[in-house]
Enquirer: 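Next up is a structure, given as structure tokens.
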Amino acid sequence: MQRFARFIKIVSVISLVLFTVRCAGKVIKDDHLFNVTYYEFESLQPSEFQNKIETLQGIIQKKPAAPDAARAHIQLAFLYSHYRNPSPDYPRALGQLEKYASLDPEGGKQAYVQDRLRMLKEIAAYTVANEDLKGKTEQMKKEIARLDKENTEMKEKLERLKYLDIELEEKRKLVK
């Protein structure tokens, strides 16, 4: 009986250790992808972003296996939204991150990916709103220019009317 109890304890401990190692490996693997991807571009100079983006787009166009495509999509998302990128494109970063999440559903469920997706969605919404405001600003500038021109014309007409009124008044005085 003691042997059986001891055997159960040993099997339980081994099972617990294996389960813990397996779970830890998964978490480390998932976090590793994001850390490697992020820090891989840390030394990238602003002038190098466009070349790296074009290289990754070429990889995606060759239709590689799903893991390679997923990795390329997340790398593009990081590149498009990287703080050192001289011309960030947040809507494209969002699209690439969404493609990554669709190719790697497990990775797409990670808190880091979900957090970044939400931030990029907010930024994309603000970008669209900003573009709309820029368009409205241009329309208002045109309207202001038109009103200024109209105002100037009205002032000129008022000056002419004033001058005509003065002339008429002088002619009346002469007639009397």
Side-chain angles (χ1 to χ4, degrees), residues 10-149:
I10 290 173
V11 169
S12 299
V13 169
I14 290 173
S15 298
L16 183 62
V17 168
L18 287 175
F19 179 75
T20 305
V21 168
R22 196 163 177 194
C23 289
K26 175 103 174 103
V27 170
I28 290 170
K29 180 184 171 196
D30 291 338
D31 287 345
H32 180 70
L33 173 65
F34 302 119
N35 289 334
V36 167
T37 301
Y38 187 76
Y39 292 111
E40 180 179 344
F41 304 127
E42 195 61 31
S43 63
L44 209 58
Q45 297 302 312
S47 60
E48 300 171 320
F49 275 86
Q50 190 58 39
N51 291 335
K52 189 70 174 170
I53 288 171
E54 289 170 3
T55 302
L56 288 170
Q57 287 173 336
I59 290 171
I60 290 172
Q61 288 174 353
K62 292 178 185 174
K63 298 184 181 179
D68 293 336
R71 181 172 172 79
H73 284 294
I74 197 164
Q75 287 176 325
L76 277 171
F78 275 100
L79 286 171
Y80 281 129
S81 61
H82 199 279
Y83 75 96
R84 290 169 115 191
N85 186 343
S87 54
D89 191 340
Y90 299 110
R92 276 192 173 169
L94 174 62
Q96 293 299 324
L97 200 55
E98 287 172 338
K99 286 178 186 173
Y100 164 76
S102 70
L103 290 173
D104 184 2
E106 279 300 310
K109 292 178 186 175
Q110 296 296 315
Y112 183 80
V113 173
Q114 291 299 312
D115 185 49
R116 198 156 180 111
L117 273 170
R118 181 164 181 207
M119 284 190 291
L120 287 171
K121 284 178 183 176
E122 289 289 322
I123 291 171
Y126 287 127
T127 301
V128 169
N130 189 29
E131 291 301 319
D132 289 345
L133 289 174
K134 283 181 181 177
K136 288 179 182 177
T137 301
E138 287 302 314
Q139 288 175 342
M140 289 180 155
K141 284 180 180 178
K142 288 177 184 177
E143 182 68 13
I144 288 171
R146 185 188 65 78
L147 290 172
D148 278 345
K149 182 179 176 185

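From a predicted model like this one, the values you see are computed outputs, not experimental measurements.
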Enquirer: Is the shortest side-chain heavy-atom distance between L94 and I123 below 4.5 Å?
Expert: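 L94 vs I123: side chains apart.
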Enquirer: Could you give the distance from CZ (F78) to CD1 (I53), rounded to the nearest 0.5 Å?
Expert: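 Atom-to-atom, F78:CZ and I53:CD1 are 13.5 Å apart.
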Enquirer: Got a second to check how far E54's CD is from Q61's CD, nearest 0.5 Å?
Expert: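 Between E54 CD and Q61 CD, I get 10.5 Å after rounding to 0.5 Å.
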Enquirer: Of all residues at least two apart in sequence or in a different chain, which pass the side-chain hydrogen bond (donor to acceptor under 3.5 Å, both in side chains) check with E122?
Expert: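 side-chain hydrogen bond (donor to acceptor under 3.5 Å, both in side chains) list for E122, sorted by chain: empty.
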Enquirer: Listed by chain and number, what are the side-chain contact (heavy atoms from CB on, under 4.5 Å) partners of P105, not counting sequence neighbours?
Expert: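 Testing P105 for side-chain contact (heavy atoms from CB on, under 4.5 Å), a comparison that skips the adjacent residues, returns none.
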Enquirer: Atom CG of N85 and atom CG of L79: how far apart are they, to the nearest 0.5 Å?
Expert: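 One gets 7.5 Å once the value is rounded to the nearest 0.5 Å.
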Enquirer: For Y80, which residues count as a ring pair (Phe, Tyr, Trp, His ring centres under 6.0 Å) partner, sequence neighbours excluded?
Expert: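 Result, ring pair (Phe, Tyr, Trp, His ring centres under 6.0 Å) vs Y80: none returned.
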Enquirer: Measure the shortest side-chain to side-chain distance between I74 and L97 over non-hydrogen atoms and say whether it is less than 4.5 angstrom.
Expert: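 Result yes, sub-4.5 Å side-chain heavy-atom pair found.
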Enquirer: Once side-chain contact (heavy atoms from CB on, under 4.5 Å) is applied, do any residues pair with E143, and if so which ones, sequence neighbours excluded?
Expert: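 So E143 forms a side-chain contact (heavy atoms from CB on, under 4.5 Å) with R146, L147.
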Enquirer: If you take all heavy atoms of S81 and A93, which pair is closest and at what distance?
Expert: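 It is CB-CB, 3.8 Å.
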Enquirer: Report the distance from atom OG1 of T55 to atom CD of E48, rounding to the nearest 0.5 Å.
Expert: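 Answer rounded to 0.5 Å: 11.0 Å.
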Enquirer: Kindly give the heavy-atom pair with the smallest separation between K121 and E98, and that separation in Å.
Expert: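 Distance-wise, the nearest heavy atoms are CE-OE2, 3.6 Å.
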Enquirer: What is the distance from atom CG of D115 to atom CG of L120, rounded to the nearest 0.5 Å?
Expert: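 The distance works out to 9.5 Å.
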Enquirer: Is a donor on one side and an acceptor on the other found under 3.5 Å between the side chain of R84 and the backbone of Q45?
Expert: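 Flag not set: sc R84 to bb Q45 has no pair under 3.5 Å.
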Enquirer: Please give me the minimum heavy-atom distance between F49 and P86, naming the atom from each residue.
Expert: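 What the structure gives for the nearest pair is CD1-CD, 4.2 Å.
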Enquirer: Is the backbone of A70 close enough, under 3.5 Å, to the side chain of D104 for a donor and an acceptor to pair up by distance?
Expert: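 A pair under 3.5 Å: no.
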Enquirer: Tell me the side chain to side chain donor-acceptor pair (under 3.5 Å) pairs involving residues 128-139, sequence neighbours left out?
Expert: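 Listed by first then second residue: nothing to list.
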Enquirer: Could you pull out all residues at least two apart from I60 that satisfy side-chain contact (heavy atoms from CB on, under 4.5 Å)?
Expert: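 Here the qualifying residues are A72, H73, L76, Q96.
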